[in-house]
Protein chains: 2
Amino acid sequence: MTKFKPTDSELEILHILWEKGASSVRDINDLLNTRRDVGYTTTLKLMQIMNEKGLVKRDTAARTHIYKAVVRENETKNNLISDFVNVAFQGSAMNLVMQALGNTSSSVEELSELKSLIAKLENKS
Amino acid sequence: MTKFKPTDSELEILHILWEKGASSVRDINDLLNTRRDVGYTTTLKLMQIMNEKGLVKRDTAARTHIYKAVVRENETKNNLISDFVNVAFQGSAMNLVMQALGNTSSSVEELSELKSLIAKLENKS
DNA sequence: TACTATGTACGAAATTATTCGTAGTTTTAA
DNA sequence: TTAAAACTACGAATAATTTCGTACATAGTA
């Protein structure tokens with residue numbers, strides 16, 4: 001299995017592609033600009049680099065190229081978590097989970113969702 | 001409150017300082033070299049930069065300077081989590097928690113520890 | 001048609017992070 | 001006492017990321 005390691009900017013674009021599906025550079029740039037100023041050619045360059053890296057694929061049939069994510073959301077996030085856990089929590093994912101949970105205010109609904117995930121995990125073992 | 005954003009290398013050093021307490025560059029470099037090759041002056045430079053940034057403080061009374069972490073482990077990790085959640089999980093810490101948990105194999109002990117944390121959180125609300 | 005908007009390609013500047021060599025000083029030990 | 005070892009300071013090379021300008025082609029429109 002290959003290792004995906006998108007940069008922060010790349011990840012920002014991947015989130016858009018995961019949510020919106022295949023998109024043009026214009027679409028993506030417009031969405032990015034609802035949050036912060038980004039030049040069109042900046043976004044374009046990023047997409048080209050992501051294409052080279054194999055993070056996205058593009059359809060160049062029409063003049064306006066259409067990009068879609070190649071890497072899957074879950075897989076990518078799992079890789080990111082695993083790197084993050086290694087760098088910041090010395091390998092202990094549970095450590096991260098506990099700290100993230102303790103640091104956040106959670107709703108009753110979220111907590112009960114979490115509890116049922118735990119129940120599932122307990123049944124697996 | 002100031003925002004700490006240690007880089008990966010800086011974090012690696014902070015972990016050592018948090019665990020071992022105040023240390024010389026030599027101490028730290030030796031520990032780093034149990035994992036990978038790092039030149040002594042590379043580590044030295046890093047420590048000097050961390051000092052400038054205010055991540056560490058040093059005692060220069062003796063020829064061999066002694067460095068200690070200024071930023072606290074919990075606070076730093078919370079900042080890291082919060083950044084990570086923003087970049088990779090679009091702000092939802094619970095999302096991160098669920099995915100990290102689902103992606104990891106957890107022991108019965110860990111899960112019950114987690115459950116008691118959840119119980120605590122439930123009582124708070 | 002001819003002007004404007006929209007698109008791609010690409011080079012390169014700016015920034016940040018990492019790495020290390022060299023110079024020069026002090027300490028240690030043969 | 002002198003040679004080797006250990007230490008700091010610092011400049012600079014390298015690499016990765018982000019940003020954008022410029023050139024040029026195509027499409028739409030007045």
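For the numbers below, each heavy atom of this structure counts, side chains included, while hydrogens, waters and symmetry mates do not. Order of the sequence lines fixes the chain letters, A, B, ..., with proteins taken first and strands second; residue numbering starts at 1 for each chain.
Closest non-hydrogen pair, B:Gly54 versus B:Val71, comes out as O-CG1, 4.4 Å.
Within residues 13-21 of chain B, no residue has a heavy atom under 4.0 Å from DNA chain D.
Residue contacts shown for A:Ser9 are limited to sugar-phosphate atoms, with no base heavy atom under 4.0 Å away.
Although no hydrogens or angles enter the test, the distance criterion places no donor-acceptor pair under 3.5 Å between the side chain of B:Asn51 and the main chain of B:Met47.
The neighbour count for B:Arg35 CZ, taken as heavy atoms of other residues, nucleotides or ligands under 6.0 Å away, does not exceed 12.
For DNA chain D, the contact window with chain B, defined by any atom under 4.0 Å from a protein heavy atom, covers D:dA6 to D:dA12 in 5' to 3' order.
Atom OG of A:Ser9 and atom CE of A:Met50 lie 9.5 Å apart (nearest 0.5 Å).
Taking B:Asn86 as the reference, B:Ser82 meet the side-chain contact (heavy atoms from CB on, under 4.5 Å) condition, with sequence neighbours excluded.
Rounding to whole angstrom units, CE of residue B:Met47 and P of C:dC20 are separated by 17 Å.
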>> For a salt bridge (Lys or Arg N to Asp or Glu O under 4.0 Å) check, start with the C-alpha distance between B:Lys20 and B:Asp27, then their side-chain angles and the critical distance, and finish with the verdict.
In response: CA-CA 10 Å; B:Lys20 305 284 182 183; B:Asp27 292 339; over 6 Å; no
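A side-chain hydrogen bond (donor to acceptor under 3.5 Å, both in side chains) check over residues 93-104 of chain A, counting only residues at least two apart or in different chains, returns the pairs A:Gln99-B:Asn78, A:Asn103-B:Asn78.
At a threshold of 4.5 Å between non-hydrogen side-chain atoms, the residues B:Tyr67 and B:Lys57 do not count as touching. Inter-residue side-chain proximity for B:Leu114 and A:Leu101 is flagged as met; some heavy-atom pair is nearer than 4.5 Å. Between B:Arg36 and B:Glu12 the shortest side-chain heavy-atom distance falls below 4.5 Å.
At its two ends the helix from C:dT1-D:dA30 to C:dA30-D:dT1 runs along axes set 10° apart, each axis drawn from five pairs and the angle rounded to 10°.
Using a 4.0 Å cut-off between charged nitrogen and carboxylate oxygen, A:Glu110 and A:Lys115 do not count as a salt-bridge pair. Salt bridge A:Lys53/A:Glu10: present, at least one basic N to carboxylate O contact under 4.0 Å.
Aromatic ring pairs are classed by plane angle as parallel below 30°, tilted from 30° to 60° and perpendicular above 60°; the pair B:His15 and B:Trp18 is perpendicular.
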> When you check every protein heavy atom under 4.0 Å of nucleotides 6-13 of chain C, what one-letter string (B, S, -) results, 5' to 3'?
Replying inline: BSBBBBB-
